[in-house]
A.B. asks: 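Before anything else, here's the structure in question.
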Amino acid sequence: MTTCRIEELSQHVDQEVTLRGWLYNKRGSKNVQFLMLRDGSGICQCVAGKKDVDEATFESCQKLTQETSLSITGRVNADARSVGGHEIHITGVEVLQTSEDYPITPKEHSTGFLMGHRHLWLRSKKQHATIRIRSRIVKAIRDFFDHRQFILVDAPIFTPAACEGTTTLFEVDYFDDKAYLTQSGQLYMEAAAMAHGKVYCFGPTFRAEKSKTRRHLTEFWMVEPEVAFADLNEVMDLGEALVHSIVTAILSDCQAELEALERDLAPLEAITPPFPRISYDEAVQILHSKGIEFEWGGDFGAPDETAISEHFAKPVLIHRFPAQIKAFYMKEDPEDPRLALGYDMIAPEGVGEVIGGGQRAESLSFLQKKIAEHHLPEEAFDWYLDLRRYGSVPHAGFGLGLERTVAWMCGTPHVRETIPFPRLLDRIRP
RNA sequence: UCCCCGAUAGCUCAGCGGUAGAGCAGCUGGCUGUUAACCAGCUUGUCCUAGGUUCGAAUCCUAGUCGGGGAGCCA
């Protein structure tokens, strides 16, 4: 007897196989039962005709409840009437554990209810598709950097100080001292880039922001490349190429998942390089041309980002922001010291910022001045300033938010569905 | 931190001053192939909590709790 997964059924037509999984749904009449079995790799219709199986088997099929775990043995039949093109003509059914009163029925539920049952909601079709796409995106990201000779360097989760500010950090006890959960691996990647040239880290980051929006999590994943000797233009090229390689991978490998999510493919197929690149000044002009009030020097809010992105069919890169609204480590524009050599990539369809990055300041005295201006404790950045004392070179990098990228690819409006167990302002369970 | 909206059956909701309803789920029966199958019947409530108004409150008022959406900030 061959045990196989539903995704492999096409290789076993007319053979008898055993499938192991959970009952997704059931339909039936007096003489025939249709069991929808899911096993993680797909969903398969298993048919039990009253004349084709013994009485005990038919009766046990009639009694099966949603999400009961079971193994089903039968002959694989190619049948266009069945979803997926194959079905099983049952010869035997073995129940592993009977599921009673499964909370998530094949009908409508509120988001709050589903979030409370996240551990079970993961089994539902769209959630299953979303997590598979997330997995494929992670692989696409790793492949992208690995194929370009980047070295994976893991950044610490416990950190002694803030990267950008202290109000958004989670504080934890660290023996007799305090530590914070990392909000970015960037500073560590700058150190690693001076050792390996091209590096990236990929892991969870934490922000204690009291944000309650569809784009925010308190724990989210970020991939952060950092490249020695690179300038702003090179990391804009890198971000563009990364996003393009992610889209290409998803479109070629995740067709079934995109279909389960009812994703409109046209906006994804439109994501081809080159992406438009505009300066902050040009972005402000676009806002003004649309009649939106905006004062030069401020940062774009979510509605501003959407208005700018609606101007283009592709992701748009906005570069050279006013230095005053950007982090202390940004290099200033030699042609206009009011500006910083940073950039954001704004995704279309209201997704918003998926990449933030730019060229880092390599001058020791400039950084010391900036740390003072931002009222940051210089002693906390002593090790970081060493990177400017011992062979400082121009370098640049960025961070790409994984959950926003998954939401973008999936067409999912809220990032909480793009991570298996989301951590939000007021939700830490399950 | 601020601004909106909501809380009624296991789930999704209707009822909005006269004492509790529908669909789905569950249970029983029917149906030769169904595609969130369908048809008939049955069961299920501290109407979020605490005060108040009223002859009478799920319904009106106040406070609180929880949930949803949005803003700021950011990936």
Side-chain angles (χ1 to χ4, degrees), chain A residues 24-36 43-52 58 62-63 65-67 77 79-84 87 89 99-117 120 124-126 163-165 167-168 182-186 202-224 239 298-306 325-327 344-347 350-357 398-408 413-416 418-419 424-427:
Chain A
Y24 191 72
N25 199 0
K26 184 183 69 170
R27 294 177 284 272
S29 66
K30 194 167 76 178
N31 295 314
V32 62
Q33 292 289 319
F34 300 96
L35 310 181
M36 304 302 289
I43 294 176
C44 177
Q45 174 162 284
C46 305
V47 188
K50 192 161 192 177
K51 332 180 266 232
D52 306 324
F58 191 79
Q62 283 180 310
K63 286 187 186 140
T65 51
Q66 194 187 357
E67 289 303 317
N77 204 37
D79 193 322
R81 288 176 296 185
S82 197
V83 176
E87 60 181 28
H89 285 190
S99 158
E100 282 175 30
D101 297 324
Y102 185 69
I104 304 177
T105 62
K107 291 284 175 183
E108 289 162 34
H109 300 281
S110 66
T111 313
F113 176 81
L114 291 168
M115 287 297 298
H117 294 82
L120 302 176
S124 299
K125 213 178 277 181
K126 287 189 179 182
C163 175
E164 292 171 28
T167 54
T168 61
T182 182
Q183 56 179 188
S184 164
Q186 182 202 315
F202 197 175
T205 51
F206 307 85
R207 306 255 169 114
E209 291 158 5
K210 305 239 172 173
S211 304
K212 209 186 146 176
T213 82
R214 62 192 177 81
R215 293 181 304 278
H216 287 85
L217 297 164
T218 54
E219 177 179 332
F220 67 98
W221 280 60
M222 192 154 61
V223 58
E224 294 175 277
D299 210 349
F300 302 123
D304 303 323
E305 280 184 355
T306 303
I325 56 169
K326 288 293 173 184
D344 286 351
M345 185 189 292
I346 311 298
V351 173
E353 185 182 343
V354 290
I355 284 180
F398 64 82
L400 172 131
L402 178 61
E403 286 74 18
R404 288 184 185 179
T405 305
V406 177
W408 179 17
H414 203 301
V415 290
R416 67 185 156 202
T418 65
I419 184 166
L424 298 152
L425 176 59
D426 43 21
R427 184 180 291 281

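Not measured: the values here are computed from a predicted model. Residue numbering restarts at 1 for every chain, and letters A, B, ... go by the order of the sequence lines.
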A.B. asks: Which base, if any, makes a Watson-Crick or G-U wobble pair with A20(B), both distances under 3.5 Å?
C.D. replies: none
A.B. asks: Can you measure Glu67(A) atom CD to G26(B) atom C1' for me and round it to whole angstrom units?
C.D. replies: 17 Å
A.B. asks: When the P atoms of G72(B) and G15(B) are compared, how many Å lie between them, rounded to an integer?
C.D. replies: 34 Å
A.B. asks: Please report the distance, rounded to the nearest Å, between CZ in Arg215(A) and C1' in G69(B).
C.D. replies: 12 Å
A.B. asks: Taking pairing as Watson-Crick or G-U wobble with both contacts under 3.5 Å, can you name the mate of A58(B), or confirm there isn't one?
C.D. replies: none
A.B. asks: Does Arg214(A) reach a base, just sugar-phosphate, or nothing at all? Heavy atoms under 4.0 Å.
C.D. replies: sugar-phosphate
A.B. asks: So, using salt bridge (Lys or Arg N to Asp or Glu O under 4.0 Å) as the criterion, who are the partners of Lys126(A) when residues are at least two apart?
C.D. replies: Glu262(A)
A.B. asks: Which value, in whole Å, describes the distance between the P atoms of nucleotides C73(B) and C5(B)?
C.D. replies: 25 Å
A.B. asks: Taking atom C1' of C27(B) as reference, at what distance in whole Å does atom NZ of Lys63(A) sit?
C.D. replies: 13 Å
A.B. asks: Please name all residues satisfying side-chain contact (heavy atoms from CB on, under 4.5 Å) with Arg214(A), sequence neighbours left out, ordered by chain then number.
C.D. replies: His414(A)
A.B. asks: Take atom P in C11(B) and the same atom in C3(B), then report the distance between them in whole Å.
C.D. replies: 31 Å
A.B. asks: Atom CG in Asp344(A), atom CG in Asp299(A): separation rounded to 0.5 Å?
C.D. replies: 7.5 Å
A.B. asks: Specify the separation, in whole Å, of atom CZ of Phe113(A) and atom C1' of C24(B).
C.D. replies: 12 Å
A.B. asks: For Pro303(A), enumerate each residue passing the side-chain contact (heavy atoms from CB on, under 4.5 Å) test, keeping only those at least two apart in sequence or located in another chain.
C.D. replies: none
A.B. asks: Roughly how far apart, to the nearest Å, are U59(B) and A71(B) at atom C1'?
C.D. replies: 32 Å
A.B. asks: Under 4.0 Å: is that the gap between some side-chain N or O of Thr213(A) and OP1 or OP2 of G70(B)?
C.D. replies: no
A.B. asks: Going by the angle between their ring planes, with limits at 30° and 60°, are Phe113(A) and His117(A) parallel, tilted or perpendicular?
C.D. replies: tilted
A.B. asks: If pairing requires Watson-Crick or G-U wobble contacts with both distances under 3.5 Å, which nucleotide is the partner of A37(B)?
C.D. replies: none
A.B. asks: Can you sort out the partners of Lys26(A) under salt bridge (Lys or Arg N to Asp or Glu O under 4.0 Å), two or more places apart, ordered by chain and number?
C.D. replies: none
A.B. asks: Dump the pairs, protein N or O against N or O of nucleotides 2-7 of chain B, anything under 3.5 Å, distances to one decimal.
C.D. replies:
none

A.B. asks: Would you indicate what Thr205(A) reaches in the nucleic acid, counting non-hydrogen atoms under 4.0 angstrom: base, sugar-phosphate, or nothing?
C.D. replies: nothing
A.B. asks: Atom CG of Asp344(A) to atom P of C74(B): distance rounded to whole Å?
C.D. replies: 9 Å
A.B. asks: With no hydrogens and no angle check, just 3.5 Å: does a side-chain donor-acceptor pair link Glu224(A) and Gln186(A)?
C.D. replies: no
A.B. asks: Given that Pro103(A) and Leu400(A) both sit by RNA chain B, which one's nearest nucleotide is further toward the 5' end?
C.D. replies: Pro103(A)
A.B. asks: CD of Glu209(A) versus P of C74(B): gap in Å, rounded?
C.D. replies: 8 Å
A.B. asks: Under a 3.5 Å cut-off for both distances, is U1(B) Watson-Crick or wobble paired, and to whom?
C.D. replies: A71(B)
A.B. asks: Base, sugar-phosphate, or nothing for Thr111(A), non-hydrogen atoms under 4.0 angstrom?
C.D. replies: nothing
A.B. asks: Distance from Arg404(A) atom CZ to Phe220(A) atom CZ, nearest 0.5 Å?
C.D. replies: 7.5 Å
A.B. asks: Partner lookup for C31(B), please. Criteria are Watson-Crick or G-U wobble with both distances under 3.5 angstrom; report none if nothing qualifies.
C.D. replies: none
A.B. asks: Which residues satisfy the side-chain contact (heavy atoms from CB on, under 4.5 Å) test with Asn25(A), sequence neighbours excluded?
C.D. replies: Arg27(A), Met36(A), Pro106(A)
A.B. asks: Just jot down the salt bridge (Lys or Arg N to Asp or Glu O under 4.0 Å) partners of Arg81(A), sequence neighbours excluded, or say none.
C.D. replies: Asp79(A)
A.B. asks: Which nucleotides of nucleotides 29-41 of chain B have their base under 4.0 Å from a protein heavy atom (B), which only their sugar-phosphate (S), and which neither (-), written as one string 5' to 3'?
C.D. replies: --BSBBBBB----
A.B. asks: Mind calculating the distance between CD1 (Ile104(A)) and C1' (G26(B)) to the nearest angstrom?
C.D. replies: 17 Å
A.B. asks: Please state how far atom NE2 in His109(A) lies from atom P in G68(B), giving the value in whole angstrom units.
C.D. replies: 16 Å
A.B. asks: My understanding is that only residues two or more places apart in sequence, or in another chain, count here; which of them pass ring-ring contact (aromatic ring centres under 6.0 Å, His included) with Tyr102(A)?
C.D. replies: none
A.B. asks: In Watson-Crick or G-U wobble terms, both distances under 3.5 Å, what is the partner of C42(B)?
C.D. replies: G26(B)
A.B. asks: For Leu425(A) and Ile355(A), find the nucleotide of RNA chain B closest to each by heavy atoms; which residue's nucleotide sits nearer the 5' end?
C.D. replies: Leu425(A)
A.B. asks: Contact class for His117(A) vs. all strands (heavy atom < 4.0 Å): base, sugar-phosphate, or nothing?
C.D. replies: nothing
